[in-house]
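Below is one structure; the comments refer to it alone.
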Amino acid sequence: MPYVDQMVAKILILNGPNLNLLGLREPEIYGRETLDDIRAMLEGEARALKLAIDFRQTNSEGELVDWIQGARQGVAGLILNAGAYTHTSIAVLDALKALKLPIIEVHLSNVYRRESFRHVSYVSQAATGVIAGLGSNGYLLALQALARLIDRT
Ligand code: CA2
């Protein structure tokens with residue numbers, strides 16, 4: 001059988017505003033892990049799943065839109081915790097709609113047990129699936145789900 005050099009699939013993991021504060025404040029809602037802890041956990045899982053990850057955070061809506069647009073090339077799947085932009089940003093939704101790849105929306109907290117303004121998600125309209133309320137495990141489950149969704153074997 002000829003040797004076929006299959007490139008490692010890349011998963012883009014984007015985090016929106018204030019998620020840089022994880023572990024530093026409000027541990028009763030968001031847990032004690034920092035965003036760096038979550039990144040390290042996902043890097044370990046990605047190795048096991050033979051995936052590459054690109055993990056980023058921004059407080060800027062425009063930068064988030066630019067990064068989502070950039071995923072049109074060279075990215076096999078997207079994990080997105082858009083933070084508060086989840087509930088407000090039509091710009092993020094429009095950028096997501098231009099993607100032809102699986103998108104998993106993740107929230108650390110169970111947004112449906114919280115204020116009613118968090119029950120609305122623009123991101124969900126473009127998402128393949130949604131995970132909320134499982135803390136950092138939600139990111140791990142999203143990565144595992146994407147590994148299966150993009151399985152090219
Ligand atoms: O539960 C989630 O993951 C959220 O996306 C987090 C957002 C919130 O606006 C969404 O409704 C649900 C907020 C992230 C802010 O994170 C902080 C962490 C520590 C201290 C302050 C904010």
Side-chain angles (χ1 to χ4, degrees), residues 4-24 29-112 118 120-153:
V4 181
D5 184 17
Q6 265 206 321
M7 278 181 29
V8 177
K10 184 167 102 177
I11 304 299
L12 184 61
I13 305 170
L14 298 181
N15 296 281
N18 297 308
L19 285 159
N20 55 313
L21 298 176
L22 272 188
L24 309 178
I29 300 177
Y30 298 114
R32 295 200 177 277
E33 281 169 294
T34 66
L35 205 56
D36 252 358
D37 294 335
I38 295 176
R39 179 209 302 267
M41 175 185 74
L42 292 175
E43 270 165 3
E45 185 67 11
R47 263 193 300 280
L49 294 169
K50 297 188 170 53
L51 295 170
I53 61 167
D54 181 352
F55 186 97
R56 306 182 194 175
Q57 187 274 331
T58 181
N59 289 329
S60 148
E61 184 175 12
E63 190 162 42
L64 194 56
V65 168
D66 286 343
W67 288 348
I68 293 167
Q69 286 188 14
R72 284 177 300 168
Q73 258 127 42
V75 172
L78 173 66
I79 297 173
L80 174 62
N81 183 350
Y85 292 140
T86 303
H87 319 297
T88 62
S89 180
I90 297 167
V92 166
L93 172 61
D94 286 344
L96 291 171
K97 280 183 168 167
L99 296 182
K100 292 187 180 65
L101 43 83
I103 300 166
I104 312 290
E105 174 182 359
V106 170
H107 299 287
L108 294 155
S109 64
N110 180 352
V111 284
Y112 299 102
R118 295 186 206 274
V120 175
S121 167
Y122 286 104
V123 170
S124 292
Q125 292 189 34
T128 310
V130 183
I131 300 172
L134 300 178
S136 60
N137 277 331
Y139 286 82
L140 206 64
L141 293 169
L143 195 58
Q144 290 166 353
L146 281 178
R148 287 167 177 262
L149 284 168
I150 67 173
D151 191 5
R152 294 165 297 174
T153 56

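Just so it is clear, the structure is predicted and the values come from calculations on it, not from any experiment. Each residue takes its place number in the sequence, starting with 1.
Looking only at side-chain heavy atoms (C-beta outward), Ile11 and Ile150 come within less than 4.5 Å of each other. Counting heavy atoms from C-beta outward, Val92 and Val65 have side chains that approach closer than 4.5 Å. Side-chain contact check for Tyr122 versus Leu96: every heavy-atom pair is 4.5 Å or farther apart. Between Asn15 and Tyr139 the shortest side-chain heavy-atom distance falls below 4.5 Å. Within the 4.5 Å cutoff, side-chain heavy atoms of Leu140 are placed close to those of Leu42. Residues Leu49 and Leu146 have side chains not in contact (no heavy-atom distance under 4.5 Å, counting atoms from C-beta outward). Between Val123 and Val130 the shortest side-chain heavy-atom distance does not fall below 4.5 Å.
Ionic pairing of Asp36 and Arg39 is present here: one or more N-O contacts between side-chain nitrogen and carboxylate oxygen are shorter than 4.0 angstrom.
Interatomic distance, Leu64 CG to Leu14 CG, rounded to the nearest 0.5 Å: 6.0 Å. Once rounded to the nearest 0.5 Å, the distance linking CG of Leu19 with CG of Leu35 reads 6.5 Å. With rounding to the nearest 0.5 angstrom, the CZ atom of Phe55 is 11.0 Å from the CG atom of Leu143. Distance check: Glu61 CD to Asp66 CG gives 11.0 Å after rounding to the nearest 0.5 Å. The CG atom of Asp94 lies 10.0 Å from the CD atom of Gln125; values are rounded to the nearest 0.5 Å.
Remark: the backbone N or O of Thr34 is paired with a side-chain donor or acceptor of Asp37 at under 3.5 angstrom. Glu33 contributes no side-chain N or O that, together with a main-chain N or O of Ile38, makes up a donor-acceptor pair within less than 3.5 Å. In this structure, the side chain of Tyr85 does not engage the main chain of Ser60 through any donor-acceptor pair within 3.5 Å. Gln57 contributes a side-chain N or O that, together with a main-chain N or O of Gly16, makes up a donor-acceptor pair within less than 3.5 Å. Judged by distance alone, with hydrogens and angles left aside, the side-chain atoms of Arg72 form a donor-acceptor pair with the main-chain N or O of Gln69 at under 3.5 Å.
Contact record, Leu108 with Ser136: CD2-N, 3.6 Å, taken as the closest heavy-atom pair. Closest approach of Ala82 and Pro17 over heavy atoms only: O-CD, 3.4 Å. Across Ala142 and Val106, no two heavy atoms sit closer than the pair CB-CG2, 3.7 Å. Across every non-hydrogen atom of Ala76 and Pro102, the tightest pair is O-CD, 3.3 Å. When all heavy atoms of Ala126 and Leu93 are compared, the closest pair comes out as CB-CD1, 3.8 Å. Thr128 approaches Leu101 most closely through the heavy-atom pair OG1-O, 4.5 Å.
Within 6.0 Å of the CZ atom in Arg47, the count of heavy atoms belonging to other residues, nucleotides or ligands does not exceed 12.
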Take Asn18 and Tyr30 through the side chain to side chain donor-acceptor pair (under 3.5 Å) test and state the conclusion after the steps. CA-CA 11 Å; Asn18 297 308; Tyr30 298 114; over 6 Å; no

For Ile104 and Leu141, run side chain to side chain contact (heavy atoms under 4.5 Å, CB included): C-alpha distance rounded to whole Å, both residues' side-chain angles, the deciding distance at 0.1 Å, then the answer. CA-CA 10 Å; Ile104 312 290; Leu141 293 169; over 6 Å; no

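Between the side chains of Thr86 and Glu105, no donor-acceptor pair is found at a separation under 3.5 Å.
Screening Leu12, Ile103, Leu99 against Ile68 for a side-chain contact (heavy atoms from CB on, under 4.5 Å) leaves a single residue, Leu99.
The aromatic rings of His107 and His87 lie parallel to each other, their planes meeting at an angle below 30°, with 60° marking the opposite boundary.
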